[in-house]
**Q** 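Dumping the structure here so I can ask a few things about it.
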Amino acid sequence: MPTFVLQNDGEKPPHSEPPFLTDVNDAQKKAVLHTDGPLLIIAGAGSGKTRVLTYRIANLLYQKKAWPNQILALTFTNKAAREMQERIVDLIGEKANRIWMGTFHSIFSRILRFEAEHLGYTRDFSIYDTVDTDRVIKSILQELGFNTREVKPQAVRFIISNAKNQLISPEAFKNKFVQSSLDDIAAQVYERYIARCRQNNAMDFDDLLIKPIELFEHHPEILQKYQNHFRYILIDEYQDTNHAQYRATQLLAAGHQNICVVGDDSQSIYSFRGADISNILNFKEDYPDSAQIPLEQNYRSTKSILQCADSVIRQNTSRLDKTLWTQNDRGEIITVLENYDERDEANRIVRSIEDLKMREHLSFRDFAVLYRTNYQSRVLEDAFRRRGVPYQLVGGISFYQRKEIKDVTAYLRLLVNPHDDESLLRVINEPARGVGEKTITNLQQIARKHNKSLWDTIGDVESTGIYKPAIGRIRDFVDILERTGKKLTDTGLTDTVRFLLDETGYVKQFVEEHSHDSLMRRQNVMELLNAISYFEKSSNTPSLSAFLQEISLVTDLDAHDTDDPAVTLMTVHGSKGLEFPVVFITGLEEDLFPIGGRSGEDVDIEEERRLFYVAITRAEKRLYFSYAKNRFRFGEQVDMNRSRFLDEVDPSVVRTETGATIRQTGSPGMAGRSGKSGTYISYDQSNYDGNAGAGSDFHSESYDSAAPADDGGGMGVEYDQNTGEIIWRSGMAVIHKKFGPGKIVQCQGQGDDARLTVFFKNVGQKKLVARLAQLKVIG
DNA sequence: TTAATCGTACTTTTT
DNA sequence: GTACGATTAA
């Protein structure tokens, strides 16, 4: 049970400001010192969000508003949680380790362990990742007689996962949400899938978010316990919360109402996982008494980089109003690298890095190469290896998703949770011991008939009447596990696992086979053994079940080592929250970034644009865009068109390597056609001289004055040469008599007849006809 | 009934 | 490149 400590009501909180509050600006300070009541912090990229969050928690403790373990801080990655925790420890000492700080999944699974019995689970439940889930779904599909080549388990998983995150039950889904034949199939699978998980005493990633809601709604007394306990709740990256996360935290916060959420709608990049932007957009409605503090000063990037980022993101229509600015230098111009193909691209990048490192006395750790899809990493790795430049690949196929690791952990899961049929199926013939497909289906049928788990069924294989030669082999399997289980109670964790590996001959199969592949696999298993050994020594609860829980929720992203003097290679998604002096964004091609929709599915171009925005804003000093004209895809060379995003970028801050500007022929707001036709590179060799406002603080409102066709001096308003009508542009700052200052988000037509969508600081977004609105252009 | 070999379709992002 | 499935040999 968690320790529930009463608040220290008697003690008087200190009235002075905390001593650590020296290096913050006014907005940050306001956010830190705000303690009670709901608070929304809109934190633009690089605006010192983590600092505010850590100071805010430290202040709550300093002001004696709560004990450390009465604070709940939720993040999306373990790494973010760990970093924040470390920083708070630096501020207020070791007691910060008692804060409930972690990812939604890890914190909720912790609560679920405590309360498992209330949900009909035991505290040793297994956690299924997507690989496990796909296997379960596949087997259900096969049972239902579907061809799993035509009906892809992943597609079904996707539909089910969406339904779960929307808190739609199988019954409700069947009645209301079936719109296609695939939906119909998913509806059939959904119910069985839930039943199967329950029988296996297993929860998938979605369950970790949903089950707490079920728990709270069915057991008000338990909800109340947690409501009372968590006096302050903080949520990072609120724009990425899905409906389930929203609902769960809403329930928890309902008591004290001390909920502080931090987010940036411009960085919402997880809608494919059910993230719902409206959670952050509607925070004000959910909590009418909430305060709202925007953090708009950027401390990370140069003016050029920020200008570039803003020129991209303002092409999106739906966003909260905010204006990022910085006092940093204008910095270097952004460089576009055009390449023949992906190998050319990779080599060019590696050479640029070596070059820049020498010239600017940088370390390899100052560089990051970002890409849209994981498979792009392969060519890059090749190039880095060939030139001997150290690199660190982050993400990709997670260590814990590798086949050999999943096999070993399936054995371990089975020890802790014998009713986990999925894990049993995974290893009953691994390594091959003569228990094949036929035997397994027979066993499953028998188990179903007696309504028993597979483990219970094979406990008495002799009486099952299955294929005779298999009986002895299964007996061996059961024996090994039973002896391993005994070993676990007698000796330590590491020894037990070593014993298991010996008995099963799992490692031996790799030793005997002398391929490169098997060597790698063996090394990976040894790596796992190391991890177990380390866990056993360092954890204060060194149980097998604790270890399994921990590894099921870590990702390779968490392994990113910022001290390692190596270039970081990762996806744009993985880079969120990080910063690097030099960033390369690669593969800027149509159908890659922005990604192309697969078979009929349409892509959310605004989300892709936000993704591009996230990538740009990772850069501190220098930024490179690169694309290839040809790329090897699906086993063949394909002609690629450069990304439309390159056409949307403010041309005044970007140059090709030769110093040419990149320009677009269409109007800036009209992106959408594929790249090549609408663009050209003009080879004017004029040096980059910044724009008219260079030297003054950079504001996004001044962007359009830097547009190529402009004189650069005046108000930046353009008029049609024939009619003399004003040409409206998105991004223009205007003033309305009634609504006050605002910014044009979208425009259609010119002159008085134009229809404009304007975002006003005070009243929000409005649609106007120019003639009636009487807008005054201010920049 | 099981194991090994060969051929084929597919690559978005992650807790 | 690779991870499945189908096909074949034992």
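Predicted model only: the values in this text are computed from it and were never measured. Below, chains carry the letters A, B, ... as their sequence lines are ordered, and counting in each starts from 1. Below, each value reflects all heavy atoms present in this structure, side chains not excepted, and no hydrogens, waters or symmetry copies.
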**Q** Check whether NZ of the Lys or CZ of the Arg A/Arg198 lies under 6.0 Å from the centre of the six-membered ring of A/Tyr121 and within 45 degrees of that ring's axis.
**A** no
**Q** Counting the atoms with a prime plus P, OP1 and OP2 as sugar-phosphate, which does A/Ser552 contact under 4.0 Å by heavy atoms, base, sugar-phosphate, or nothing?
**A** nothing
**Q** Is the shortest distance from a Lys or Arg side-chain nitrogen in A/Glu608 or A/Arg372 to a carboxylate oxygen in the other one below 4.0 Å?
**A** yes
**Q** How many whole angstroms separate atom CD of A/Glu342 from atom C1' of C/dG1?
**A** 12 Å
**Q** By a 5.5 angstrom centroid cut-off and a 30 degree plane limit, is there stacking between A/Tyr270 and B/dT13?
**A** no
**Q** Check this for me, if you would: do A/Asp382 and A/Arg385 make a salt bridge, where the nitrogen-to-carboxylate-oxygen distance has to be below 4.0 angstrom?
**A** yes
**Q** Closer to the 5' end of DNA chain B via nearest nucleotide, is it A/Gln154 or A/Gln401?
**A** A/Gln154
**Q** Identify the nucleotide, in any strand shown, that forms a Watson-Crick or G-U wobble pair with B/dC10, with both distances under 3.5 Å; if there is none, say none.
**A** none
**Q** At 4.0 Å (heavy atoms only), tell me whether A/Glu607 reaches a base, stays on the sugar-phosphate, or touches nothing.
**A** nothing
**Q** Have a look at A/Asp206 and say if it touches a base, only the backbone sugar-phosphate, or nothing, with a 4.0 Å heavy-atom cut-off.
**A** nothing
**Q** With a 3.5 Å limit on both atom pairs, tell me what C/dG1 is paired to, counting Watson-Crick and G-U wobble, or say none.
**A** none
**Q** Separation of A/Phe632 atom CZ from C/dT2 atom C1', in whole Å?
**A** 15 Å
**Q** From CG of A/Leu578 over to C1' of B/dT13, roughly how many Å is that when rounded to an integer?
**A** 15 Å
**Q** Contact class for A/Asp129 vs. all strands (heavy atom < 4.0 Å): base, sugar-phosphate, or nothing?
**A** nothing
**Q** How is A/Lys138 classified with respect to the nucleic acid when contacts are heavy atoms under 4.0 Å: base, sugar-phosphate, or nothing?
**A** sugar-phosphate
**Q** Hey, does A/Val435 reach any base, or is it just sugar-phosphate, or nothing, if we go heavy atoms under 4.0 Å?
**A** sugar-phosphate
**Q** Taking any heavy-atom pair under 4.0 Å as a contact, classify A/Phe272: base, sugar-phosphate, or nothing.
**A** base
**Q** Mind checking whether A/Phe645 and A/Tyr627 have ring centres under 6.0 Å apart?
**A** no
**Q** Which nucleotide sits closest to the side chain of A/Tyr467: B/dT15, B/dT13, B/dT1?
**A** B/dT1
**Q** Only one of A/Thr130, A/Asp204, A/Asp206, A/Asn242 passes side-chain hydrogen bond (donor to acceptor under 3.5 Å, both in side chains) with A/Ser161; say which it is.
**A** A/Asp206
**Q** Roughly how many Å is it from CD1 in A/Ile428 to P in B/dA3, rounded to a whole number?
**A** 12 Å
**Q** Mind checking A/Phe205 for me? I need base, sugar-phosphate or nothing, with any heavy atom below 4.0 Å counting as a touch.
**A** base
**Q** Mind checking if A/Arg273 touches a base, just sugar-phosphate, or nothing, with heavy atoms under 4.0 Å?
**A** base
